[in-house]
Amino acid sequence: MSFEPKILGILCNWCSYSGADLAGTSRKKYPANIRIMRVMCSGRVDPVFILKAMESGADGVLVLGCHPGDCHYSEGNYKTIRRMTMLQKLTDQMGIESDRIRLDWVSASEGDNFSAIIRDMTEKIKKLGPFPRNGGNNG
Amino acid sequence: MKKISIDPITRLEGHGKIEIFLNDEGTVENSYFQVPELRGFEKFSEGRLAEDMPQITQRICGVCPEAHHLASTKTLDALFHVTPTSTAKKIRELLYSSFYVTDHTTHFYILGGPDFIMGPEAPAAERNIIGVIGKVGLELAGAVINIRKKNHHVISMIGGRAVHPVFGQPGGISKGIDEEERREIEQIAKDSLEFAKLSLKVFDDIVLKNKEYVDMIVSDAYTHKTYYMGMVDGNNKVNFYDGKVRVVDPDGKEFAKFEPKDYLEHIAEHVEPWSYIKFPYLKKIGWKGFVDGKDSGVFRVAPLARLNAADGMATLLAQEEYEKMYTILGGKPVHHTLAMHWARLIELVYAAERMLELAQDPEITGTNVRHIPSAVPDEGVGIVEAPRGTLIHHYITDEYGVIKKANLIVATVHNGAAVNMSINKAARALIQPSKEITEGLLNRIEMAWRPYDLCLACASHNLPGHPALPMYVYNNKREIIKSWE
Amino acid sequence: MAKLKVALYWAASCGGCDIGFLEIGEKLLKLIEVADVVFWPVAMDVKYKDVEAMPDRSIDVCIFNGAIRSSEQEHLAKILREKSKVMIAYGACAYGGGIPGLANMYNREMIMERAYLETPSTINPGKIMPQTSYQSPEGELTLPKLFDTVKTLSQTVKVEYIIPGCPPEERTTWMALEALIEGKLPPVGTVITDNIKAVCDDCPRKRDVKKVKKFYRTYEIISDPEICLLEQGIICAGIATRGGCGSPCPQANMPCTGCYGPVNDVIDQGAHFMNAVASVIDSNEPEEIEKILEDVRDPAGTFYRYNLPDSILRRARV
Ligand code: SF4
Ligand code: SF4
Ligand code: SF4
Ligand code: FES
């Protein structure tokens, strides 16, 4: 059986979640690999959520927010950029492939964009294979 | 052949062990000193920031963190091509001298010295600090505690913390000392010097006035003719903090003298399958096995080796004592392992004198304590004399000062081969088929390695100095006939 | 009241925790008045055999330092757990894996290869490696096997209390011992210090708004001794580290490196620290942020200096 990655999508309530909704209602095709968790703002996303998700079964984590400048809490997604840039430096160093963790922007009208991102990410993680939990070994 | 399994729990005892094998005749066939762990600092230093290394590498050993901290800081000076300010250099050495006072005191009175002070045949229950107190008196015991406490205070005042200081930086230190602190340190240095003198007197009374002891010191069982290594200043005097590394041959003639950066031309390490520690030797002579003599690359480090490798001590009183030791023991070099205890006390005097000198130096309260490096970092080697011997740090970084490669040769490791040989020789000399293997006899074997002040935290880059190593003696059927745990 | 029975032990440790413990000096005597130290390898001559022979739960408190790095250390932790009513993780190594836990950036093979084959001073043409079992001409010699991944004490056995620090400062140790002596131990799970807030809380440096355009490495600048280091662009862990040490590091002009572990309710000190640092960056531009973060060249070693094995990721994928 081919490997079907599990991806956790953490979506901000205002833009991205609506974008995903649109993709769903307009039956835009996207792989069923994503589980969605809704937050009020991408600025609410703590790196701990991402690390926890990876250690508890996800093969990748996608964070989606409103486009820069469009955050409903004005500054939230800038905070997200700073945190995610920092986190990515750490995960690179820890040997976690950069394609497994992604930050992107989807507005309420971008159902297509949403599907494209999910497809792209799923493809990439399929190539990488499952994420080795617990460091892969504990001998 | 009968396979002997030792209850795994006893195997855990201590962080190192000694195995002695007897042959059919009941004499010693061979012995092994094993260190059972490795922490891998050379590897996990890769990727770290160079400036974090003084604080990272000192976690190799909580007994001598100051030595690692300073060896590492000096490596950073070299790596960043920056010279520390004169005040900074002196403050570093001041802290280091103070540290030497505490460390040599700890070894002489608490770790290595007790069985020496108490005598080889004293019951095990007395060969400890409590026994020492009984013998030297409560007053001196109080002085031991006091002097350690005061010097720890000096270390935390200068270094930021008493265990694992934080002050080392390339080109200097993180903060200076003011006049009030200086005065306090000066007083502690004076107290330390008095204490050092007192310790020499104790040694004189207990050991030197006792012919049996002196005979034991010079006996063949505790003698090895090897090369000696230690750091010297511009006048070939012992220096703990800075200088060139000098090696003398078993006749006491200078064999090599080199800058820290050239250590790889002179020192190589041999690997054995039965221990996690490696065995350094003189590269130009080569590894000839666990043997002494001029044709073997085995060398020794630590107090006696430092004194042998130098032409004298840089301070007055220590120089006097230095001359006295060599006169009594018949000239240089001294090959008697047990004389290491004596050499340690001479160094204690030197450390206290040097500490006082530095505390009285007008530059010591200077406020210029750091030069900011401007060159691109690349590669550096830093060497100090740790109490247990020459300590080498060597890092290579990228242009941003991130460690690409690190190599560490720590003090106790240099003595690895010699410790093995010392145990072997003492065991061969002392274990006789006709004689019962008593506790006292095993203690006499133990006395062959005690003087090295083994710090197995350093040796395995992992484990703390255990005061006693378990020892197992096997007969020709490989059954344990005696153990000493 | 019967005297307390106390045991002290070290596993993969540097010995600094024992030295630190000894530094409590005269207070140690106070402890001895109310407690019998039944086991302490560094200072007394009790055998492992004797410990094994003790009835279960016959030791009141075991104070354990050092990380778990080999099967033997794991074994001993388990035995001491059985024999003790209360197990205390003492020091950063037992608590979070400590600095030796940085070995989790690599694995056993890489560590062995570096030490025995690769280092420039090693001459080993026969590629000899230490063996867990070796047949010498005289008989078998054994060495313990090292784990690939360094573990914390609480990943090995159940732990009731934690005394943080590398090593714990005297005041911290004393606070815990006093609680012990007076029989006033806090609820199980407590990390014992005298400040449940962050190191910043004990730090005398002046704090204002934290906004930085550039991070400095400690060797690059001479910092203002009165002002918060983080505000000057020097990464300081004080903001994400449990207080109680008295902030000796920032007082010595060096940043806190986080040895007291996370503050209350934080499960991953590194992530918390990282967040705090990210939030002081004074920019909204992705490229500029990227540029500013270029100066953070060792996130793992900076943010997880003392607790990589205790982090969510536990180790690098190598
Ligand atoms: S916590 Fe620090 S002082 Fe204690 S053993 Fe570990 S490295 Fe040493
Ligand atoms: S961040 Fe560091 S320097 Fe600033 S207040 Fe906190 S502990 Fe002090
Ligand atoms: S300031 Fe930070 S690193 Fe220094 S002792 Fe306190 S917690 Fe540890
Ligand atoms: S509300 Fe969407 S990112 Fe802030």
Side-chain angles (χ1 to χ4, degrees), chain B residues 9-10 12-13 19 21 29-30 32 34 36-40 42-44 47-49 51-52 55-56 59-63 65 124 149 152 160-164 166-167 169-170 174-175 264 267-271 273-276 278 370 373 400 402 407 409 457 462 464-466 474 478 485, chain C residues 10 12-20 23 25 41-42 45 47-49 52 69-70 72 75-76 98-100 102-103 105-106 110-111 114-116 119-124 128-131 134 136 138-139 141 143-144 146 166-167 217-220 222 248-249 252-254 257 297-298 301:
Chain B
I9 211 69
T10 61
L12 296 175
E13 183 104 9
E19 310 255 29
F21 293 96
E29 200 167 291
N30 210 348
Y32 297 87
Q34 296 180 277
E37 210 174 331
L38 162 88
R39 253 194 315 190
E42 285 104 336
K43 187 66 196 177
F44 69 70
R48 308 288 76 78
L49 306 180
E51 68 272 25
D52 290 342
Q55 290 190 42
I56 289 175
R59 267 70 182 200
I60 287 171
C61 180
V63 179
K149 202 181 160 85
H152 269 108
R161 298 188 76 194
V163 182
H164 298 317
V166 298
F167 77 137
Q169 292 202 281
S174 66
K175 71 165 191 39
L264 285 174
I267 301 171
E269 293 177 286
H270 167 81
V271 182
W274 44 265
S275 182
Y276 281 119
K278 293 184 277 185
R370 192 145 66 92
Y400 302 109
V402 177
N407 193 26
I409 309 181
N462 193 350
H466 194 274
Y474 300 82
R478 307 295 170 243
E485 291 164 356
Chain C
W10 66 42
S13 96
C14 77
C17 274
D18 287 284
I19 301 275
E23 289 324 312
V42 80
D45 218 18
K47 304 299 166 220
Y48 290 95
K49 286 197 287 277
E52 223 190 10
R69 220 251 169 284
S70 72
E72 279 84 340
H75 181 66
L76 209 77
I99 281 179
L102 288 171
M105 294 303 289
Y106 301 97
M110 294 162 108
I111 285 170
R114 176 70 194 154
Y116 302 112
T119 37
S121 47
T122 304
I123 298 186
N124 188 3
I128 291 163
M129 293 282 212
Q131 306 292 320
Y134 170 72
S136 78
E138 297 83 18
L141 294 167
L143 290 171
L146 308 180
C166 180
R217 308 267 290 269
T218 48
Y219 68 84
E220 289 178 317
I222 292 186
C249 304
N253 282 343
M254 293 298 275
T257 51
R297 291 188 189 274
D298 175 23

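Chain A is the first sequence line, chain B the second, and so forth, proteins listed ahead of strands; every chain is numbered from 1.
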Q. Checking F44(B) against chain C: side chain, backbone, both or neither under 4.5 Å from a heavy atom?
A. both
Q: Under 4.5 Å heavy-atom distance to chain C, tell me which part of R161(B) shows up: side chain, backbone, both or neither.
A: side chain
Q.
Tell me the closest heavy-atom pair linking L141(C) and E19(B), and the distance in Å.
A. CD2-CG, 3.9 Å
Q | Between Q131(C), M105(C), M129(C), R297(C), the one whose heavy-atom pairs under 4.5 Å with chain B are most numerous | A | R297(C)
**Q.** chain C interface, residue from F167(B), W274(B), Y400(B) that has the most non-hydrogen pairs under 4.5 Å
**A.** Y400(B)
Q: Counting only heavy atoms closer than 4.5 Å, note whether C166(C) contacts chain B via side chain, backbone, both or neither.
A: both
Q) Do side-chain atoms of N253(C) reach the backbone of K175(B) as a donor and acceptor pair under 3.5 angstrom? A) no
Q | chain C contact via I267(B) - side chain, backbone, both or neither, heavy atoms under 4.5 Å | A | backbone
**Q.** Engaged part of P65(B) at the chain C interface, taking heavy atoms whose separation is under 4.5 Å
**A.** neither
**Q.** Heavy-atom closest pair, residues V166(B) and A252(C)
**A.** CG2-CB, 4.0 Å
Q) How close do E51(B) and Y219(C) get, heavy atom to heavy atom, and via which atoms? A) OE1-CE2, 3.5 Å
Q: Please name the pair of heavy atoms, one in S275(B) and one in P130(C), separated by the smallest distance, quoted to 0.1 Å.
A: O-CG, 3.4 Å
Q | Taking every non-hydrogen atom, the tightest pair across I409(B) and S121(C) | A | CD1-OG, 3.6 Å
Q. When rounded to the nearest 0.5 angstrom, what is the spacing between CD in Q55(B) and CE in M254(C)?
A. 5.5 Å
(Q) If you count heavy-atom pairs within less than 4.5 Å of chain B, which of G301(C), P100(C), C249(C) leads? (A) P100(C)
Q) Considering all heavy atoms of both residues, which atom of N407(B) and which atom of R114(C) are nearest to each other, and what is their separation? A) N-NH2, 4.3 Å
Q.
So, taking the atom named NE2 in H152(B) and the one named CD1 in I19(C), what distance separates them when rounded to the nearest 0.5 Å?
A. 6.5 Å
Q) Got a second to check how far K43(B)'s NZ is from T119(C)'s OG1, nearest 0.5 Å? A) 11.0 Å
Q: Please step through side chain to side chain contact (heavy atoms under 4.5 Å, CB included) for the pair N30(B) and S136(C), ending with a clear verdict.
A: CA-CA 10 Å; N30(B) 210 348; S136(C) 78; over 6 Å; no
**Q.** Point-to-point distance, once rounded to the nearest 0.5 Å, from CD of Q34(B) to CG of L143(C)
**A.** 5.0 Å
Q | Gap between atom CG of N124(C) and atom NE2 of H270(B) - 0.5 Å precision | A | 8.0 Å
Q: Any chance you could measure T257(C), atom OG1, to H164(B), atom NE2, to the nearest 0.5 Å?
A: 10.5 Å
Q: Using non-hydrogen atoms and a 4.5 Å limit, figure out which bit of Y106(C) sits close to chain B: side chain, backbone, both or neither.
A: side chain
Q) Passes side chain to side chain contact (heavy atoms under 4.5 Å, CB included), T122(C) versus V271(B)? Steps please. A) CA-CA 8 Å; T122(C) 304; V271(B) 182; 3.8 Å; yes
